[in-house]
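Structure, as structure tokens:
Remember, it's a predicted structure, so these values are computed and weren't measured experimentally. Index from 1, following the sequence.
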Amino acid sequence: MATLSASPSPNPNPNFRSPTDQTDHDPESLPQMELHPSSDQEPTPNSNRNFHAVLPTPPEATAPAAAAAPSLLHISFNQDHGCFAAGIDHGFRIYNCDPFREIFRRDFDRGGGIGVVEMLFRCNILALVGGGPDPQYPPNKVMIWDDHQSRCIGELSFRSEVRSVRLRRDRIVVVLEQKIFVYNFADLKPLHQIETIANPKGLCAVSQGAGSLVLVCPGLQKGQVRVEHYASKRTKFIMAHDSRIVCFALSQDGQLLATASSKGTLVRIFNTVDGSLLQEVRRGADRAEIYSLAFSSNAQWLAVSSDKGTVHVFSLKINGGSPGIDRSQSASDPVTSPHSSLSFIKGVLPKYFSSEWSVAQFRLVEGSQYIVAFGHQKNTVVILGIDGR
């Protein structure tokens with residue numbers, strides 16, 4: 001049986017650690033799997049001084065002045081938001097968020113474009129997918145890279161392009177245009193296959209808590225999300241929006257789900273167990289494209305980035321220990337999301353006037369794509385731009 005070694009060789013990089021579980025059913029017609037060895041503008045909060053944002057220095061700023069700036073193809077946080085990975089046209093880079101510094105880089109001689117880099121916390125294993133005009137690997141393959149050995153130790157091949165990859169310590173999740181495949185990490189054994197509506201952005205989220213896997217993906221209808229609870233072998237479908245889903249995020253324990261549609265005005269928070277709507281917050285009145293959603297580690301805050309050049313932070317009325325409404329907050333609580341002054345007549349006026357608004361905003365460059373996460377320091381937001389900001 002093919003296996004992935006947990007600690008293939010002594011670790012030459014002290015910043016990385018070695019990685020550390022129930023088959024649902026065997027799917028039919030799963031794709032081929034092979035395992036083998038292979039030769040400045042600073043953002044300024046305008047509504048709440050309790051928050052501050054961190055925009056790391058652009059990756060190219062660390063390169064010699066004479067070298068051409070790399071073309072950024074992909075950027076993503078690791079599972080605890082302590083690091084982020086950047087795929088470029090000739091390799092990839094890994095950075096620490098706070099303090100900001102480059103941890104390591106890999107430059108490939110031939111071609112070298114990396115369109116997806118997925119970290120596994122801070123361990124030596126990464127998932128790579130080729131990208132850009134001259135990809136290092138075919139875009140229909142997921143390469144399992146071991147940085148201890150500085151080479152690929154595994155390969156997953158598919159009939160169509162890979163849109164995204166999600167990693168847990170016990171699972172690899174590969175997202176295609178209309179299918180999602182779940183594999184056991186230890187031996188790359190296929191465990192589950194899911195069909196979805198067209199999913200060109202590769203939307204998928206997995207829980208990262210110590211418990212069993214919770215996976216969220218688009219359903220088979222517009223506006224629908226599908227929640228897989230692997231411990232209880234239950235599937236829950238949630239009609240989250242009337243229009244197309246463009247972004248969603250899971251809390252670390254998989255109990256809470258935040259969703260946004262193509263309208264981009266409202267963000268809804270659901271209980272993943274029973275599908276109930278727990279809270280609805282308003283980003284704004286104008287249509288916008290939502291780029292990312294992120295829960296804080298204790299599910300007290302939710303951050304939202306969009307093409308309007310703003311990052312909004314919302315206060316959640318949800319008890320972090322269970323997906324229920326926390327009744328302990330009073331109306332005068334300073335971290336409660338603001339309401340319109342006309343909300344007392346919400347039964348007469350349109351729903352807009354009873355909306356919950358953000359408690360903090362960060363102004364960025366409008367039109368640029370940013371992803372957001374909460375930093376490890378209290379009340380800190382980390383913002384990354386696909387333009388290198």
Side-chain angles (χ1 to χ4, degrees), residues 4-20 38 54-64 67 69-109 111-132 135-137 142-154 162 164-169 172 185 206 208 292 294 369-377 380 382-389:
L4 277 174
S5 175
S7 53
S9 61
N11 188 355
N13 190 334
N15 295 302
F16 280 77
R17 300 187 287 268
S18 297
T20 334
S38 59
V54 177
L55 264 75
T57 307
E60 59 266 26
T62 63
S71 176
L72 192 58
L73 304 177
H74 167 91
I75 196 164
S76 63
F77 288 100
N78 74 337
Q79 288 80 359
D80 65 5
H81 304 152
C83 297
F84 68 92
I88 59 175
D89 54 5
H90 57 270
F92 62 92
R93 310 279 189 266
I94 304 296
Y95 297 89
N96 191 70
C97 287
D98 189 14
F100 173 71
R101 61 187 176 90
E102 183 180 294
I103 296 178
F104 79 96
R105 62 172 58 197
R106 289 290 176 261
D107 293 313
F108 299 118
D109 295 333
I114 298 296
V116 174
V117 188
E118 181 72 4
M119 300 180 66
L120 180 60
F121 292 93
R122 286 178 176 264
C123 85
N124 54 297
I125 303 296
L126 301 97
L128 306 177
V129 180
Q136 174 71 8
Y137 308 111
V142 177
M143 311 302 293
I144 309 302
W145 175 274
D146 182 352
D147 203 66
H148 287 177
Q149 303 184 41
S150 297
R151 64 183 177 90
C152 290
I153 59 169
V162 175
S164 66
V165 182
R166 299 289 182 263
L167 298 182
R168 275 173 50 107
R169 289 188 173 95
I172 300 175
F185 210 137
V206 297
Q208 295 296 337
S292 74
Q369 184 172 348
Y370 296 92
I371 62 172
V372 63
F374 287 89
H376 288 188
Q377 293 188 37
T380 300
V382 182
I383 303 166
L384 306 177
I386 195 66
D387 59 356
R389 295 178 186 269

**Study point:** side-chain contact (heavy atoms from CB on, under 4.5 Å) evaluation trace for I371 with I75
**Key:** CA-CA 8 Å; I371 62 172; I75 196 164; 4.0 Å; yes
Indicate yes or no for a side-chain donor-acceptor contact from [X] to the backbone of [Y] under 3.5 Å, with no hydrogens or angles considered.
X: Q79; Y: L167; answer: yes
X: T380; Y: F374; answer: no
X: S292; Y: V372; answer: yes
X: H90; Y: G112; answer: no

Check your understanding: Are any of the side-chain heavy atoms of I94 and E102 separated by less than 4.5 Å?
Key ->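 A side-chain contact is absent here, since even the closest heavy-atom pair is not under 4.5 Å.
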**Study point:** From CA spacing to verdict: side-chain contact (heavy atoms from CB on, under 4.5 Å), D80, F121
**Key:** CA-CA 7 Å; D80 65 5; F121 292 93; 4.3 Å; yes
Taking all atoms of both residues into account, what is the closest heavy-atom pair of [X] and [Y], and its distance?
X: C83; Y: N96; answer: SG-OD1, 4.1 Å
X: R122; Y: G82; answer: NH2-O, 3.6 Å
X: S76; Y: V117; answer: OG-O, 3.1 Å
X: D107; Y: R93; answer: OD1-NH1, 2.8 Å
X: Q136; Y: I114; answer: CB-CD1, 3.9 Å
X: A294; Y: A373; answer: CB-CA, 4.0 Å

Check your understanding: Is any side-chain N of the basic residue among R106 and D147 closer than 4.0 Å to the acidic one's carboxylate O?
Key -> yes
Review point. For residues Q377 and D98, is any side-chain donor paired with an opposing acceptor at under 3.5 Å?
Key: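 Yes, because at least one side-chain N or O of Q377 sits under 3.5 Å from a partner of the opposite role on D98.
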Exercise for review: Give the intermediate values and the outcome of side-chain contact (heavy atoms from CB on, under 4.5 Å) for residues V129 and V165.
Suggested key: CA-CA 9 Å; V129 180; V165 182; 4.1 Å; yes
Practice item. Check whether the ring centres of F104 and W145 lie less than 6.0 Å apart, and answer yes or no. Key: no
Nearest-0.5 Å distance, [atom1] of residue [X] to [atom2] of residue [Y]:
X: E118; Y: L120; atom1: CD; atom2: CG; answer: 8.5 Å
X: Y137; Y: C152; atom1: OH; atom2: SG; answer: 3.5 Å
X: L72; Y: Q369; atom1: CG; atom2: CD; answer: 10.0 Å
X: C97; Y: H376; atom1: SG; atom2: NE2; answer: 7.5 Å
X: I144; Y: F185; atom1: CD1; atom2: CZ; answer: 5.5 Å
X: I125; Y: Q149; atom1: CD1; atom2: CD; answer: 8.0 Å

**Study point:** Under the side-chain hydrogen bond (donor to acceptor under 3.5 Å, both in side chains) test, residues paired with H81 that sit two or more places apart
**Key:**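 For H81, no residue satisfies side-chain hydrogen bond (donor to acceptor under 3.5 Å, both in side chains) once neighbours in sequence are set aside.
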Exercise for review: Applying side-chain contact (heavy atoms from CB on, under 4.5 Å), run through I386 and L73 and close with a yes or a no.
Suggested key: CA-CA 8 Å; I386 195 66; L73 304 177; over 6 Å; no
Review point. Would you call the rings of Y95 and F84 parallel, tilted or perpendicular if under 30° counts as parallel and over 60° as perpendicular?
Key: parallel
Review point. Is the NZ or CZ atom of R105 both under 6.0 Å from the centre of the six-membered ring of F92 and within 45° of that ring's axis?
Key: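 No.
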